[in-house]
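Heads up: the structure comes next, in structure tokens.
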There are 2 protein chains.
Amino acid sequence: MALRLPQPLPAELVELVADRFRVLGEPMRIRLLDRLRQSPATVQELTEATAASQQNVSKHLGVLHRAGMVARARDGNFVRYEIADPSVFELCETVCGGLHRQADALRSVLGQNATA
Amino acid sequence: MALRLPQPLPAELVELVADRFRVLGEPMRIRLLDRLRQSPATVQELTEATAASQQNVSKHLGVLHRAGMVARARDGNFVRYEIADPSVFELCETVCGGLHRQADALRSVLGQNATA
DNA sequence: CCTGGACTCCACCGCACGGTTGTACAGTTC
DNA sequence: GAACTGTACAACCGTGCGGTGGAGTCCAGG
């Protein structure tokens, strides 16, 4: 962990990193990953969990799959998806940590008495 | 660290997380953060470092500022920006770690002899 | 005051992307 | 084989966003 990164990030690496972030910058895909965090699931189950159209879910799963974040496997007539890169949850936790810190900072600016 | 997240992520939190990822899903903004990782800098310096137009840099800095990732401070006639949320580097490191794992997996699929 | 420089804001354009619809492709069952 | 289900693909549309150009704001100096 905590690998050393070169100071001027190479241009290509910048693109790769941004691409990966952009994949996660979509609520629907976050919801899909959140559901898959519980257990592997078929497209049907994911469609029900997100209350979206089947085509839309399939499209977003394709993006996640191309990014290597989920793995697909046929199961009879169904297709079962599962998390392929658990680091996405680490990312979400870090983001939530940053959000918490922002909220605390805002609270301290408003004064200690804050539950608005 | 490693705070516990609720299983079905609340819808609003999903939006917040996705928003934050989307801010990072842009090469130019990654470049700006990468430059600020070295030291605080003025818009001028950032413009030179990224080889972009001054308006474009200012616009992206505005996005980063609204997201609470950078802080601005007037310095005479200049405006100096600096990192406000160091967790962004943690995020980048995690992403790079995932990329490394993908590269290794790809390499092992192609066979041990791989430098293309 | 006016001038000039640093920066931000606004209006516009073009493209990429999310969503929908329709269709094609497995795989199972009969 | 035909029929049905589950999933992926392709074409289209609308919007959001990155980039640019120009005007506006703030600050220092003369």
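Chain letters run A, B, ... following the sequence lines, proteins first and then strands; every chain starts at 1.
- Near-neighbour residues of DNA chain D inside residues 31-50 of chain A, defined by a heavy atom below 4.0 Å, number-ordered: A:Thr42, A:Val43, A:Gln44.
- Partners of A:Arg31 under the side chain to side chain donor-acceptor pair (under 3.5 Å) rule, at least two apart in sequence or in another chain, do not exist in this structure.
- Scanning for salt bridge (charged side-chain N to carboxylate O under 4.0 Å, His left out) contacts around B:Arg80 gives B:Asp75, with sequence neighbours left out.
- If you walk DNA chain D from 5' to 3' and mark each nucleotide with an atom closer than 4.0 Å to a heavy atom of chain A, the marks span D:dT5 to D:dA11.
- Residues in residues 10-28 of chain A take part in these side-chain hydrogen bond (donor to acceptor under 3.5 Å, both in side chains) pairs, two or more places apart or across chains: A:Asp19-A:Arg22, A:Arg20-A:Asp85.
- Sorted by first and then second residue, the salt bridge (Lys or Arg N to Asp or Glu O under 4.0 Å) pairs involving residues 54-73 of chain B (not counting sequence neighbours) form an empty list.
- Every residue two or more places apart in sequence or in another chain was checked for a side chain to side chain donor-acceptor pair (under 3.5 Å) with B:Asn77, and none qualifies.
- Looking at residues two or more places apart in sequence or on another chain, you find no salt bridge (charged side-chain N to carboxylate O under 4.0 Å, His left out) involving A:Arg74.
- B:His60 and B:Asn56 share a side-chain donor-acceptor pair at under 3.5 Å.
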### Query
If the sugar-phosphate is the primed atoms plus P, OP1 and OP2 and the base is the rest, what is the B/S/- string for nucleotides 20-27 of chain C, using protein heavy atoms under 4.0 Å?
BBB---BB
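- Ion pairing between a basic and an acidic side chain is recognised when a charged N comes within 4.0 Å of a carboxylate O; B:Asp104 and B:Arg101 show no such pairing.
- Among residues two or more places apart in sequence or in another chain, the side-chain contact (heavy atoms from CB on, under 4.5 Å) test is passed with B:Ala84 by B:Ala71.
- Among residues two or more places apart in sequence or in another chain, the side-chain contact (heavy atoms from CB on, under 4.5 Å) test is passed with A:Ile83 by A:Leu33, A:Leu36, A:Phe89.
- C:dT8 atom P lies 13 Å from atom CZ of B:Arg80, rounded to whole Å.
- Of the residues in residues 61-71 of chain A, none has a non-hydrogen atom less than 4.0 angstrom from any atom of DNA chain D.
- Residue-to-nucleotide proximity on DNA chain D shows that, of B:Arg29 and A:Arg72, the 5′-proximal contact is made by A:Arg72.
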